[in-house]
Amino acid sequence: MSLTPVPDGQIATIVTHLEMRERPRPAPIPPAPLRLVPWKAPALDAYRALFRRVGEPWLWFSRLAMSDEALSAIIHDPAVQIYAATDPRGVEVGLLELDFRSLPDCELAFFGLVPQHVGKGFGKWLMAQAKALAWRKDVTRFWVHSCTLDSPAALGFYRKAGFLPYKREVEIFADPRLAGLLSPDAAPHVPMLGQLTA
């Protein structure tokens, strides 16, 4: 066994790719006090704000680092479907993003709830919604990837939902907290090594 050094200012994570190749049997969607609202051509600021609220604890940063043009090209593409999960007051508390740009594959691109709604069973509700929306007639594969920066429960959750792991990779990237994309307090379970840029 050997260890590979990771420079200060960089983060390494193990990425696991999972897939579902058979359409799941129809099942009732679990009850939840939430509503799924389609976001057709969402405003960039609103999208980034929800992306940050859901993903900051897990160092989601990819969409925050994109230019307006690059982000708009993805989230305004008609083959990308974005939904906000809202609470009874209409406040956005979750994000579901399905990417149909590589049919017959559908990617579960982003999936999550804000921290205060995690651990209440709402993830099962959101996953049931995702599967119902993803498996259109022209889809033969539904896939997702998770990494060791995600919630420790994420991998087990995806497997329980019917996804099977098929590939593993190591990803190394610049710590987004050091560049100011995320708060220095984000993801305290991942130590920040390096200096903040001014």
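Given the structure is predicted, the values throughout are model-derived calculations rather than measurements. Index from 1, following the sequence.
Here the side chain of D150 pairs no donor or acceptor atom with the backbone of A154 at under 3.5 angstrom. With R63 contributing its side chain and F51 its backbone, the two residues share no donor-acceptor pair below 3.5 Å. Proximity of a side-chain donor or acceptor of R52 to a complementary backbone N or O of L181 within less than 3.5 Å is detected. A donor-acceptor contact shorter than 3.5 Å links the side chain of R23 to the backbone of R136. Although no hydrogens or angles enter the test, the distance criterion places a donor-acceptor pair under 3.5 Å between the side chain of K131 and the main chain of A161. Under a 3.5 Å cut-off, the side chain of T86 and the backbone N or O of E92 do not form any donor-acceptor pair. In terms of modelled atom types and a separation under 3.5 Å, the side chain of S102 and the main chain of D105 share no donor-acceptor contact.
Residue E97 comes nearest to V80 through the heavy atom pair OE2-CG1, 3.8 Å, listed as atom of the first residue, atom of the second, then distance. Shortest non-hydrogen contact noted between A134 and F100 is O-CE2, 3.4 Å. The two residues K124 and F157 have their closest heavy-atom pair at N-CE1, 4.0 Å. Between L95 and Y47 the shortest heavy-atom distance is CD1-CE1, 4.3 Å. Taking both residues in full, the closest heavy atoms of W39 and A46 are given as CH2-O, 3.8 Å, listed atom of the first, atom of the second, then distance. Shown here for L108 and A130, the closest heavy-atom pair between the two residues is CD1-CB, 4.3 Å.
Around the CZ atom of R168, the shell of radius 6.0 Å holds no more than 12 heavy atoms that belong to other residues, nucleotides or ligands. Counting non-hydrogen atoms of other residues, nucleotides and ligands closer than 6.0 Å to CG of D138 gives a total above 12. More than 12 heavy atoms of other residues, nucleotides or ligands sit less than 6.0 Å from atom CD of Q10.
Checking S72 against D68 by side-chain atom types alone, no donor-acceptor pair falls below 3.5 Å. There is no side-chain donor-acceptor pair under 3.5 Å between E169 and H145.
Residues passing the salt bridge (charged side-chain N to carboxylate O under 4.0 Å, His left out) test with D185, sequence neighbours excluded: none.
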Handout entry: Criterion side chain to side chain contact (heavy atoms under 4.5 Å, CB included) on L164 and R159, from CA distance to verdict
Key = CA-CA 6 Å; L164 299 174; R159 294 180 74 177; 6.0 Å; no

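Between the OG1 atom of T13 and the CH2 atom of W58 there is a distance of 12.0 Å, given to the nearest 0.5 Å. Rounding to the nearest 0.5 Å places CG of L98 at 6.5 Å from OH of Y83. The NZ atom of K160 sits 12.5 Å away from the CE atom of M127 when rounded to the nearest 0.5 Å. Atom-to-atom distance recorded for L113:CG and S151:OG is 11.0 Å, nearest 0.5 angstrom. Here the CG atom belonging to L44 is positioned 9.0 Å from the CD atom belonging to E69, to the nearest 0.5 angstrom.
The aromatic rings of F163 and F142 sit tilted relative to each other, their planes meeting at an angle between 30° and 60°.
The closest side-chain heavy-atom distance from L133 to L36 is below 4.5 Å.
No option in E19, R21, M20 other than E19 meets the side chain to side chain contact (heavy atoms under 4.5 Å, CB included) test with W143.
Between R141 and E107 there is no salt bridge, since none of the side-chain N atoms of the basic residue sits less than 4.0 Å from a carboxylate O of the acidic one.
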